[in-house]
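Since we're looking at a predicted model, the values are computed, not measured. Numbering of ligands and ligand atoms starts at 1, following listing order.
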Amino acid sequence: MSSRIHRLNATRLRRIPAAAAIAVGVVSGAASGAWAGERADLPLGAGWRFHQGDVAPGKQGGPEAPAFNDRGWASVSLPHTWNHLGGTAQRTADYNATRGAGWYRLRFTPPANYAGRKVWLQFDGASINAEVWLNGVKLGAHQGAFGRFRFDATAALKMGKPNVLAVRTDNSSPAAAGSPTAEVIPMSGDFFLFGGLYRAVSLIATDPVHIDMMDSGGPGVYAHTASLDGAAGIEVDSRVTNDGAKAQPVVVKTAIVDAAGATAASDSQPLTVAPGTVAEPQQTLTVPNPHLWDGRSDPYLYQVVTRVETAQGQLLDQVTQPLGIRSFRFDPDQGFFLNGKHVALHGVSRHQDRPGKGWAISPADQAQDMDIMLDLGINTLRLAHYQHDQAIYDLADKDGVVVWAEIPLVNRTAPETPEGDKGVTSPGFAANAESQLRELIKQNYNHPSVVTWSIGNEVNLMAAAGHGVSNARPLLTRLNQAAYELDHTRPTTMADCCEPWPDQPKPGVDRVAEITDLLGYNRYQGWYYDKAEDLGPVLDRLHALHPRLPLAVSEYGAGGALSQHTDQVQAGTSQGGVVYPKGHFHPEELESRLHEIWWAQLKARPYLWGTFIWTMFDFASDSRTEGDMIDTNDKGLVSYDRTVKKDVFFFYKADWSDQPVLHLNGRRYVDRAYPVTDVEAYSNAASARLSLNGRDLGAAACPDHVCRWPAVHLDAGDNVLTATAEIKGQSVSDSITWRFAGKPDEIHIRAGASAGLISAAGARYGSDAFATGGEPHDRNPAPEQGRPDKTIPPVTGTPDPKLYETYRAGAFGYRVPVPAGRYQVTLRFAEPMLAAGARAFDVAANGHVVLQHLDVAAEAGGPLAALDRTVTVEVTGDGGLALDFRPVTGPALVSAIDVVPAR
Ligand code: GCB
């Protein structure tokens with residue numbers, strides 16, 4: 001290539017110069033004039049009519065018929081979805097979770113310069129299935145919500161006249177009898193499948209001789225770094241289609257253009273393309289001294305510009321693709337290496353929806369998501385559980401974020417049958433999974449950010465949960481092979497949930513490890529199961545089980561509700577109260593605490609090639625009623641509307657980002673239950689200083705990015721807490737305001753509970769705090785789980801039965817931080833299940849036994865009856881009140897503790 005190609009400021013199909021030296025320009029639909037060989041790209045975003053559901057054909061036919069009257073339909077613009085859910089506490093007036101058909105119609109007149117060209121309709125995504133008619137002619141159908149697809153519209157298009165485009169989308173649930181999506185992955189999943197034309201649609205014109213438009217939605221030019229050894233050998237495989245009537249001699253000119261617009265390498269290949277065929281020229285270009293794409297530190301991009309010209313030099317078509325020259329590898333013991341250097345990949349998983357818009361998000365939304373993730377300090381991103389819009393892969397290329405890309409093979413590998421999942425992958429199901437994989441790989445092949453193709457997520461989950469059997473290996477093996485054939489440069493991976501331990505086989509659940517080159521484990525120790533501290537040992541065991549398999553943690557996370565709070569969170573230990581992962585109480589503080597425990601363990605395991613928090617943003621899932629929202633998975637570090645960064649966001653930012661971070665936690669827990677509490681901040685300072693209402697409370701060190709000031713005594717009324725620190729020579733500060741409306745010398749503890757409560761008499765109980773030993777219990781977990789169970793009778797003999805439903809049990813103590821003085825201590829009990837004589841214990845206050853051989857059932861007249869005992873205790877010195885519960889027969893227990901001054 002002789003002349004220099006000017007720098008293109010956008011890569012993909014939409015902005016392509018006609019000739020090497022002209023400025024970048026979008027060819028608008030209104031443009032007319034001579035055909036100059038450039039592709040024309042007319043966005044079809046505005047002016048659509050929409051109708052939810054099917055329509056009985058009238059005299060003029062159905063909506064696909066050009067004469068159909070759609071005047072009563074809604075006016076919409078793309079991107080669009082009719083579904084609306086998630087992110088709210090109640091159903092809103094515009095709530096819409098209906099799955100089924102959605103019709104779209106558009107009248108448009110093609111630009112004059114489309115005449116005599118090939119014209120293509122391109123859909124960047126349509127959910128889940130789409131059927132497309134142009135002027136009543138059916139152009140085709142597509143199955144799968146996430147891939148780009150195109151149809152040849154040339155024959156049906158009318159030049160110079162209005163055309164009518166009709167699209168029927170269908171997001172029916174695959175489980176519905178006879179559903180058209182019965183063999184379209186995913187079969188199910190913890191995310192809502194929004195329906196409609198939720199990504200861009202455009203009308204593209206090319207010369208009859210063009211770079212292939214019908215290659216599974218791919219760009220038709222595929223470049224990879226074949227060798228990297230001082231110089232880079234870039235292999236470029238193109239597909240040149242001749243839809244004309246006669247053989248066409250062409251020259252395929254490929255240039256690699258650097259970021260400054262200079263040609264770094266070029267090659268020309270003459271060939272003749274027979275009519276009705278696709279030629280596949282291969283070109284190898286050498287870039288001397290390549291500037292590497294080096295992740296976030298230096299995401300340098302080249303562009304591959306492929307031009308198809310006539311032998312006389314007239315441009316027929318041109319495609320520009322991104323190129324990042326890099327090498328990478330995965331090691332089972334040492335993790336990930338980019339360009340020969342180890343990089344500890346830490347990041348998040350992201351779903352693509354937002355409140356109000358669902359999946360129909362804008363380029364600005366994509367950019368905002370990436371900005372928030374970069375602010376957090378990610379260097380890797382799992383685009384779960386499907387192909388996302390091209391915009392986000394482009395941003396990942398540009399920003400140096402290493403991407404895990406995946407297909408929506410989720411929860412199962414077989415269609416629903418009337419008898420449930422029989423583990424039999426039907427041919428149609430397998431073909432659809434393979435076609436979605438082909439689209440993913442073809443469409444994203446050129447993104448340097450992508451380092452691995454994932455072929456599935458938790459494919460044996462349903463079987464592990466007892467719903468049918470999983471026989472995933474045959475399909476996974478086939479998909480793995482298909483991925484190699486489509487791309488031999490990237491390893492495959494998948495996310496596993498449910499691998500049975502060799503010594504604990506689970507009937508019906510097959511082992512899916514060691515099919516793909518890499519593996520991710522989705523782990524929820526301390527949230528759905530086990531204890532948070534078990535995560536590391538479990539991973540070590542899996543690493544030992546698969547010593548040659550590079551492992552990642554593809555998911556870990558916990559729910560965090562912005563309006564729900566707890567006083568003392570020591571998840572994974574016996575402190576704090578019970579929290580139900582599927583329940584209505586997801587205190588924000590617990591999400592933070594679990595991540596602190598998890599991250600310490602993940603960071604200490606260099607064999608992991610990557611870690612991915614589940615998830616970056618809350619997202620819509622209509623199967624969930626949890627925390628403070630309906631239809632929402634609240635495991636995000638950031639709220640569904642992207643406006644609130646939960647405390648835990650700053651824990652990771654303090655570790656991952658170069659920015660100074662000092663963030664006081666608990667800013668949303670304003671009305672405090674206890675007059676004495678720990679104060680915490682997340683920071684990358686070595687230490688920070690705290691003041692309360694202007695009084696200096698001293699400096700605290702910030703080990704592992706957590707600064708803690710224990711047992712801070714709050715003032716009555718407002719408490720302005722201000723933390724200050726010096727970070728890399730910069731002074732930073734953060735302030736929050738808490739309120740304490742109780743009495744400074746009274747403490748009311750709700751034992752065993754993670755939430756506080758206000759009693760019938762108006763006493764404000766905090767959640768379980770100040771305890772050591774024992775275990776929290778909830779006698780009546782059902783309401784918290786969202787399944788009220790009326791069969792559990794309330795505790796009698798009290799106006800506050802709920803206060804007696806939770807309890808701490810075992811051998812345990814409380815260290816209640818009250819100043820010296822005389823106190824009335826009321827201990828509240830209810831025997832949950834045992835008869836009189838089955839349980840007895842002593843209670844000591846500051847070393848003196850105050851209740852001896854207490855048999856709650858005997859004294860209350862049976863189980864489930866409230867029993868209160870009040871004792872007077874003298875507290876001397878500043879050690880507070882020590883209460884010890886000592887078992888005599890069976891475990892000791894207590895439901896609530898009130899400490900008030902004896903008056
Ligand atoms: C998983 C799934 C993911 C869910 C997540 C959760 O393991 O892969 O789709 O959303 O757990 O939050 O339970």
J.: Nearest to atom 12 (O) of ligand 1, what protein heavy atom do you find, and at what distance?
T.: Lys635 NZ, 2.5 Å
J.: Look at the rings of Phe149 and His142 and say which category their plane angle falls in: under 30° parallel, 30 to 60° tilted, over 60° perpendicular.
T.: parallel
J.: Does even one non-hydrogen atom of Glu626 get within less than 4.0 Å of ligand 1?
T.: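 Glu626 does not count as a contact of ligand 1 under the 4.0 Å cut-off.
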J.: Answer with side chain, backbone, both or neither: which part of Tyr524 has a heavy atom less than 4.0 angstrom from an atom of ligand 1?
T.: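 The answer is the side chain.
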J.: Just to be sure I read this right, does ligand 1 sit under 4.0 Å from the backbone of Phe619, its side chain, both, or neither, counting only heavy atoms?
T.: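 Under 4.0 Å from ligand 1, Phe619 contributes side-chain atoms alone.
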J.: Decide, yes or no, whether a salt bridge links Glu588 with Arg668 under the criterion of side-chain N to carboxylate O below 4.0 Å.
T.: yes
J.: Classify the ring geometry of Trp614 against Phe619: parallel below 30°, tilted from 30° to 60°, perpendicular beyond 60°.
T.: perpendicular
J.: Report, in ascending order of atom number, the atoms of ligand 1 lying under 4.0 Å from any heavy atom of Arg624.
T.: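 Near Arg624, the atoms of ligand 1 are 6 (C), 12 (O), 13 (O).
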J.: Measure the distance from atom 4 (C) of ligand 1 to every protein heavy atom, then report the residue, atom name and distance (to 0.1 Å) of the closest one.
T.: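 Of every protein heavy atom, Asp190 OD2, 3.2 Å lies nearest to atom 4 (C) of ligand 1.
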J.: Considering only heavy atoms, does Asn457 approach ligand 1 within less than 4.0 Å through its side chain, its backbone, both, or neither?
T.: side chain
J.: Examine the side chains of Thr492 and Asn480 and answer whether a donor and an acceptor come within less than 3.5 Å of each other.
T.: yes
J.: Which of the atoms in ligand 1, numbered in the order shown and given with their element, are less than 4.0 Å from a heavy-atom of Glu458?
T.: 1 (C), 2 (C), 7 (O), 8 (O)
J.: Could you tell me which atoms of ligand 1, counted from 1 in the order shown, lie closer than 4.0 angstrom to a heavy atom of Tyr528?
T.: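 Numbered from 1, ligand 1 contributes 6 (C), 12 (O), 13 (O).
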J.: Examine the proximity of ligand 1 to Val410 and report which part, side chain or backbone, both or neither, has a heavy atom under 4.0 Å away.
T.: neither
J.: For the pair Trp359 and Tyr198, name the ring-plane relationship: parallel under 30°, tilted 30 to 60°, perpendicular over 60°.
T.: tilted
J.: Will you find, in the side chains of Ser767 and Thr566, an N or O donor that is under 3.5 Å from an N or O acceptor?
T.: yes
J.: Starting from atom 8 (O) of ligand 1, what is the nearest protein heavy atom, named by residue and atom, and what distance separates them?
T.: Glu555 OE2, 2.6 Å
J.: Could Arg350 and Phe617 be counted as a cation-pi pair, given that NZ or CZ must be under 6.0 Å from the ring centre and within 45° of the axis?
T.: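 The answer is no, since Arg350 fails at least one limit relative to Phe617.
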J.: Ring-plane angle category for His543 and Tyr607, please: parallel below 30°, perpendicular beyond 60°, tilted otherwise.
T.: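 Ring orientation of His543 relative to Tyr607: parallel.
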J.: Could you find the nearest protein heavy atom to atom 9 (O) of ligand 1 and give me its residue, atom name and distance?
T.: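 Answer for atom 9 (O) of ligand 1: His385 NE2, 2.7 Å.
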